[in-house]
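Given the structure is predicted, the values throughout are model-derived calculations rather than measurements.
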Amino acid sequence: MVASEARELTGVLARCSEVRRMALPVQFARSGRLNGMAIVAVAHGPGFELAAKAARVPVKADAVVSTGSCGALDPAFAPGEVFVAATVNGTPCDRPCTTRQYRAGKLVSVNRVVTTVAEKRALEGAAVEMEAAAVAEAARERGARFYCVRAVMDAAGEGFALDFNQLRDANGRFSPLRIVAAALARPWAGIPELLRLERRTRLCSQALGDFLGDCRF
């Protein structure tokens with residue numbers, strides 16, 4: 001399971017047994033057992049390059065799951081709902097076996113944060129995110145099945161007050177110092193946005209944990 005941030009994996013790891021740290025060349029790596037399956041959960045940062053490194057860690061895998069948050073393009077999607085990609089940039093994905101309800105559709109995977117509602121409207125799909133295309137390519141290289149299971153962070157009509165593309169460090173990761181500084185420079189908009197994102201991150205992580213904990217891949 002590949003996410004951009006460790007906190008996106010909190011919910012699913014809470015559903016795991018035998019969770020252990022792993023010494024892998026990524027920022028965050030844990031092994032465990034989920035619903036009878038042996039899993040490795042890794043996070044290394046946002047965007048194609050960092051996601052590709054995470055998805056290519058030297059472990060055996062019959063299936064690779066791109067997970068974390070996404071932005072809705074479909075107005076019917078609500079924050080906290082689980083989205084399972086039918087395709088990523090036109091390439092078909094496998095679907096997990098589950099009795100739980102979820103949204104499905106075309107996922108657009110781009111190597112940047114889509115910050116405005118106008119940008120969202122220019123994209124053709126049901127949801128958008130930043131890593132799945134790179135993770136899918138790594139899965140194909142492995143000869144593994146590929147799944148993309150995300151939770152909706154922001155609704156189709158929601159944008160961001162902060163331009164997170166400008167708040168990344170030299171390695172491409174989001175810089176906490178830059179984010180806080182940008183929020184404090186516009187406290188009437190930036191601080192409420194950070195609080196909203198923190199609540200949504202917890203909501204999405206919990207939703208993913210509940211969903212993935214009942215899936216078979």
S.K.: Could you pull out every donor-acceptor pair under 3.5 Å between side chains of residues 30-46 and any protein atom, sequence neighbours left out?
M.R.:
{"from": "Arg33", "atom 1": "NH2", "to": "Gly36", "atom 2": "O", "distance (Å)": "2.8"}
{"from": "Asn35", "atom 1": "ND2", "to": "Cys215", "atom 2": "O", "distance (Å)": "3.0"}
{"from": "His44", "atom 1": "ND1", "to": "Gln27", "atom 2": "N", "distance (Å)": "3.0"}
{"from": "His44", "atom 1": "ND1", "to": "Arg173", "atom 2": "NH2", "distance (Å)": "3.3"}
{"from": "His44", "atom 1": "NE2", "to": "Arg173", "atom 2": "NH2", "distance (Å)": "3.1"}

S.K.: Do Val65 and Phe28 share a hydrophobic cluster, counting only Ile, Leu, Val, Met, Phe, Trp and Tyr and linking them when any side-chain heavy atoms are less than 4.5 Å apart?
M.R.: yes
S.K.: Going hydrophobic residue to hydrophobic residue with side-chain gaps under 4.5 angstrom, can you get from Leu167 over to Leu194?
M.R.: yes
S.K.: Return the minimal non-hydrogen interatomic distance between Asp74 and Ala76, and the atom names on each side.
M.R.: OD1-N, 2.8 Å
S.K.: So that I can tick it off, tell me whether Asp154 and Lys120 are bridged by a salt bridge, with the cut-off set at under 4.0 angstrom between side-chain N and carboxylate O.
M.R.: yes
S.K.: Is the closest basic N to carboxylate O distance between Glu193 and Arg186 below 4.0 Å?
M.R.: no
S.K.: Is the number of heavy atoms from other residues, nucleotides or ligands within 6.0 Å of CZ (Arg21) greater than 12?
M.R.: no
S.K.: Applying the 4.5 Å side-chain criterion to the ILVMFWY set and letting contacts propagate, would Leu203 and Leu208 be lumped into a single cluster?
M.R.: no
S.K.: Distance check, rounded to the nearest 0.5 Å: Arg168 atom CZ versus Asp163 atom CG?
M.R.: 10.5 Å
S.K.: Which pair of heavy atoms, one from Cys93 and one from Ala85, lies closest together, and at what distance?
M.R.: CB-O, 3.4 Å
S.K.: Would a distance-only check, ignoring hydrogens and angles, find a side-chain to backbone donor-acceptor pair under 3.5 Å from Glu8 to Ser69?
M.R.: yes
S.K.: So, for Leu50 and Gly172, which heavy atoms are closest and what is the spacing to 0.1 Å?
M.R.: CD1-C, 4.1 Å
S.K.: Would you sort out whether Glu119 and Val128 count as a side-chain contact (heavy atoms from CB on, under 4.5 Å), showing the intermediate values?
M.R.: CA-CA 11 Å; Glu119 285 183 278; Val128 61; over 6 Å; no
S.K.: Would you please test Leu107 and Glu129 for side-chain contact (heavy atoms from CB on, under 4.5 Å) and show each step?
M.R.: CA-CA 8 Å; Leu107 180 69; Glu129 56 74 74; 3.7 Å; yes
S.K.: Counting only heavy atoms not in Arg121 (residues, nucleotides, ligands), do more than 12 fall under 6.0 Å from its CZ?
M.R.: no
S.K.: Measure across Ala134 and Phe48 and return the closest heavy-atom pair with its distance rounded to 0.1 Å.
M.R.: CB-O, 3.4 Å
S.K.: Please evaluate residues Leu9 and Thr67 with respect to the criterion side-chain contact (heavy atoms from CB on, under 4.5 Å), reporting the C-alpha separation (whole Å), side-chain torsions for both, the decisive distance (0.1 Å), and the verdict.
M.R.: CA-CA 8 Å; Leu9 297 166; Thr67 193; 4.0 Å; yes
S.K.: Quick check on the hydrophobic clustering: are Ile179 and Phe160 connected, directly or via other members, by side-chain heavy-atom contacts under 4.5 Å?
M.R.: yes
S.K.: Let me know which of Phe83, Phe217, Phe211 forms a ring pair (Phe, Tyr, Trp, His ring centres under 6.0 Å) with Tyr147.
M.R.: Phe217
S.K.: Could you check whether any side-chain N or O of Thr10 sits under 3.5 Å from a backbone N or O of Arg7, counting only pairs where one atom can act as donor and the other as acceptor?
M.R.: yes
S.K.: Can you name the closest pair of heavy atoms from Glu124 and Val108 and give their distance?
M.R.: O-CG2, 3.4 Å
S.K.: Taking all non-hydrogen atoms of both residues, which atom of Val152 and which atom of Ala72 are closest, and how far apart?
M.R.: CG1-CB, 3.9 Å
S.K.: What I want to find out is whether Arg100 reaches Asp214 closely enough, with some N-O distance under 4.0 Å, to be called a salt bridge.
M.R.: yes
S.K.: Let me see the working for Val57 and Met22 under side-chain contact (heavy atoms from CB on, under 4.5 Å), right down to the final yes or no.
M.R.: CA-CA 11 Å; Val57 290; Met22 296 188 72; over 6 Å; no
S.K.: In this structure, are over 12 heavy atoms from other groups packed under 6.0 Å from Asp62 atom CG?
M.R.: no
